[in-house]
Amino acid sequence: GALKALCDGFSCETNPKFTATWNFTIIPSEKKHDAFVQYYHDPCAESWYGVTCSSGESADIDQRITELALSKSELTGTISD
């Protein structure tokens, strides 16, 4: 997903501010050409560093990332197109 691409571009996997919470372990898919990658970990449910999410009005509504506050994270790199 987009958050994984951002992390890859900024090498956040080597930044201690991210390594404790940002986890992109992929759930194996039974389909060989699955268009959607699913991860074991949820940035909203697990309060990932720098991630702000919408508040779900009920248990049936998934939370969505609404903001990334990463300005003091000492990140360097580029974001791919």
Side-chain angles (χ1 to χ4, degrees):
L3 201 55
K4 171 75 169 106
L6 175 80
C7 185
D8 289 345
F10 287 132
S11 300
C12 68
E13 69 276 358
T14 60
N15 185 321
K17 293 181 179 181
F18 295 91
T19 55
T21 58
W22 286 44
N23 187 327
F24 294 103
T25 303
I26 296 173
I27 296 173
S29 174
E30 293 180 12
K31 300 176 188 175
K32 292 191 183 243
H33 303 289
D34 193 351
F36 299 99
V37 174
Q38 292 184 333
Y39 300 99
Y40 281 109
H41 302 275
D42 181 340
C44 293
E46 298 175 14
S47 300
W48 288 17
Y49 169 78
V51 175
T52 302
C53 298
S54 63
S55 57
E57 295 175 9
S58 74
D60 297 332
I61 299 174
D62 289 337
Q63 292 182 319
R64 302 282 187 239
I65 295 173
T66 57
E67 181 181 353
L68 293 175
L70 307 175
S71 62
K72 296 181 182 179
S73 300
E74 301 172 15
L75 295 172
T76 59
T78 59
I79 301 173
S80 62
D81 292 333

Can a donor-acceptor pair be found, under 3.5 Å and without considering hydrogens, that links the side chain of T52 to the backbone of T66? no
Backbone of K72 reached by a side-chain donor or acceptor of K17 within 3.5 Å: yes
Test side-chain contact (heavy atoms from CB on, under 4.5 Å) applied to Y40 and N23, I26, T25, the passing residue: T25
List the residues meeting side chain to side chain donor-acceptor pair (under 3.5 Å) with [X], not counting sequence neighbours, and say none if there are none.
| X | value |
| --- | --- |
| K4 | D8 |
| E46 | H41 |
| T14 | none |

Residues which pass ring-ring contact (aromatic ring centres under 6.0 Å, His included) with Y49, listed by chain and number, not counting sequence neighbours: F18
State which residues pass ring-ring contact (aromatic ring centres under 6.0 Å, His included) with Y39; sequence neighbours excluded, sorted by chain then number. F24
Shortest non-hydrogen contact from P43 toward I65: CG-CD1, 3.9 Å
With the side chain counted from C-beta on, respond yes when [X] and [Y] share a heavy-atom pair under 4.5 Å apart, and no when they do not.
| X | Y | answer |
| --- | --- | --- |
| L3 | W48 | yes |
| L68 | L6 | yes |
| L75 | C12 | yes |

Do other residues, nucleotides or ligands put more than 12 heavy atoms under 6.0 Å from E13 CD? yes
